[in-house]
Amino acid sequence: MHAIEIRETGGPEVQLYVEKPDPGRPGEGQILVELAAAGVNFIDLYRREGRYPLPVPCVPGEEGSGVVLAVGPGVTRFAPGDRVAWTTVLGSYAERVLVPEDKAIVVPDAIDLPTAGGVLVHGMTAHFLAHDSYPARAGETVLVHAAAGGVGMLLTQMLGRRGVRVIGTVSTGEKERIARANGADEVVRYTETDDLAAEVRALTGGEGVHAVYDGVGAATFEASLASLRVRGTLVLFGGASGAVPPVDVMRLLWGGSLTLTRPYLEHFRATVEEFERRANAVFRGIADGTLRFTVAGTYPLAEAHRAHTDLASRATSGKLLLVP
């Protein structure tokens, strides 16, 4: 089979398209899947760069979908021929993937495999942000950074359905159009202001927002803190622009008894039951049209380096996929 292999951490070019042995029969609690699509996520970039631990050499990628070819001993939830999707399974940039049973879910008939291969990480992330990290209520105002990005679009939709006022940040006029189409009530182009927090406060009568959902990190962190009202919450869930330096916790006091949290998807799908509940909520939204999911680009597996370059440029809006 063909796969992407990383032998050392670094830039997009360290991803090599190679031929590797077939994984063989699945072991205890595993299923063997023929890949339909692999999702490209910022965590893939963080691991490739060495920001997150990565055992090298290895096959990267953590999200995908496909058809079950074989099941290992002890597997009870799947059978050959099942359409499945998964998350947090290192080794997903490959034509065949060994997936632990508890990391996979059956894809409903109403969802196509490419959609299933890209929606779970973004969809479940948006779900736990909106329902757990800071469950914003009707009438509250929140700030969503990168509102035209994969998580940002879904998060904006989920919050808007609940009656939350969403201020989104974007970089271009086209992204502003996308953010508004997905329900953003107000949009600030951060590339056109010298004081993002002041713009946000102007839109909130000087009070600031109840919460900020920040997946950008280093470039937005200061403005995120400064945009919060007293007792506001900063949900820092990513670092697309780089890691945030260490923070003096006394800044939370002087900022107005603020709350800072750094959640991670794996901790919000800690059991099979929680995983299925979150994933099926996303699938239902896609199926009934209450959630709109956008695939921004599809790349051959051999061009994983190009997909990473495009994602890092933040020029895309929506999800990027790799296909065999």
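Computed over heavy atoms, backbone and side chain alike; hydrogens, waters and symmetry mates excluded.
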Roughly how far apart are [X] [atom1] and [Y] [atom2], rounded to 0.5 Å?
X	Y	atom1	atom2	answer
Ile4	His2	CD1	NE2	10.0 Å
Leu45	Phe42	CG	CZ	6.5 Å
Glu101	Trp86	CD	CH2	14.5 Å
Leu159	Arg165	CG	CZ	13.5 Å
Leu234	Thr259	CG	OG1	9.5 Å
Gln30	Glu28	CD	CD	9.0 Å

Any [X] side-chain heavy atom under 4.5 Å of [Y] side chain:
X	Y	value
Glu62	Val89	no
Arg229	His210	yes
Arg306	Asp310	yes
Val119	Lys319	no
Leu113	Ser65	yes
Glu266	Ile43	no
Leu120	Ile105	yes
Pro23	Val97	no

Could you check whether atom [atom1] of [X] has more than 12 heavy atoms from other residues, nucleotides or ligands sitting under 6.0 Å from it?
X	atom1	value
Asp109	CG	no
Arg231	CZ	no
Glu8	CD	no

- Message: Would Thr220 and Tyr190 count as a side chain to side chain contact (heavy atoms under 4.5 Å, CB included) here? Give the steps.
- Response: CA-CA 9 Å; Thr220 53; Tyr190 63 84; 6.0 Å; no
- Query: Stepwise, does the side chain to side chain contact (heavy atoms under 4.5 Å, CB included) test hold for Asn41 with His122?
  - Reply: CA-CA 8 Å; Asn41 298 292; His122 284 175; 3.6 Å; yes
Treating Ile, Leu, Val, Met, Phe, Trp and Tyr as nodes and any side-chain heavy-atom pair under 4.5 angstrom as an edge, say whether [X] and [Y] lie in one connected cluster.
X	Y	value
Leu196	Ile167	yes
Leu236	Phe128	no
Leu311	Val121	no
Ile111	Phe78	no
Val151	Leu265	yes

- Message: Would Glu273 and Arg277 count as a salt bridge (charged side-chain N to carboxylate O under 4.0 Å, His left out) here? Give the steps.
- Response: CA-CA 6 Å; Glu273 292 73 23; Arg277 175 175 61 82; over 6 Å; no
Taking every non-hydrogen atom, the tightest pair across [X] and [Y]:
X	Y	value
Ala79	Asp82	N-OD2, 2.8 Å
Met1	Ala94	CE-CB, 4.0 Å
Val235	Ser133	CG1-CB, 3.7 Å
Ile178	Ala148	CG2-CB, 4.0 Å
Asp102	Phe275	O-CD2, 3.7 Å
Phe283	Pro108	CD1-CD, 3.5 Å

- So, Glu140 and Arg162, do they make that salt bridge, N to O below 4.0 Å?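 Salt bridge: no.
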Without swapping roles, check the side chain of [X] against the backbone of [Y] for a donor-acceptor pair under 3.5 Å.
X	Y	result
Asp185	Val166	yes
Arg201	Glu207	yes
Ser241	Ala219	yes
Ser171	Thr191	no
Gln157	Met153	yes
Arg7	Val14	no
Arg47	Pro60	no
Tyr134	Gly232	no
Thr294	Ala296	no
Glu274	Ala270	yes

- Message: Under the side-chain contact (heavy atoms from CB on, under 4.5 Å) test against Asp44, which residue among Gln15, His308, Glu63 passes?
- Response: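 So the option named by the test is His308.
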- Message: Which label fits His131 and His127: parallel for a plane angle under 30°, tilted from 30 to 60°, or perpendicular past 60°?
- Response: parallel
- Message: Does Asp248 form a side chain to side chain contact (heavy atoms under 4.5 Å, CB included) with Trp254? I'd like the steps, not just the answer.
- Response: CA-CA 11 Å; Asp248 180 356; Trp254 304 127; over 6 Å; no
- Item | Residues Asn182, Thr156; criterion side-chain hydrogen bond (donor to acceptor under 3.5 Å, both in side chains); working and verdict | CA-CA 7 Å; Asn182 281 278; Thr156 298; over 6 Å; no
- Task: Take His145 and Leu143 through the side chain to side chain contact (heavy atoms under 4.5 Å, CB included) test and state the conclusion after the steps.
- Result: CA-CA 6 Å; His145 286 301; Leu143 178 65; 3.8 Å; yes
- Message: Side chains of Arg269 and Thr87: any donor to acceptor distance under 3.5 Å?
- Response: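 Yes - a donor-acceptor pair under 3.5 Å links their side chains.
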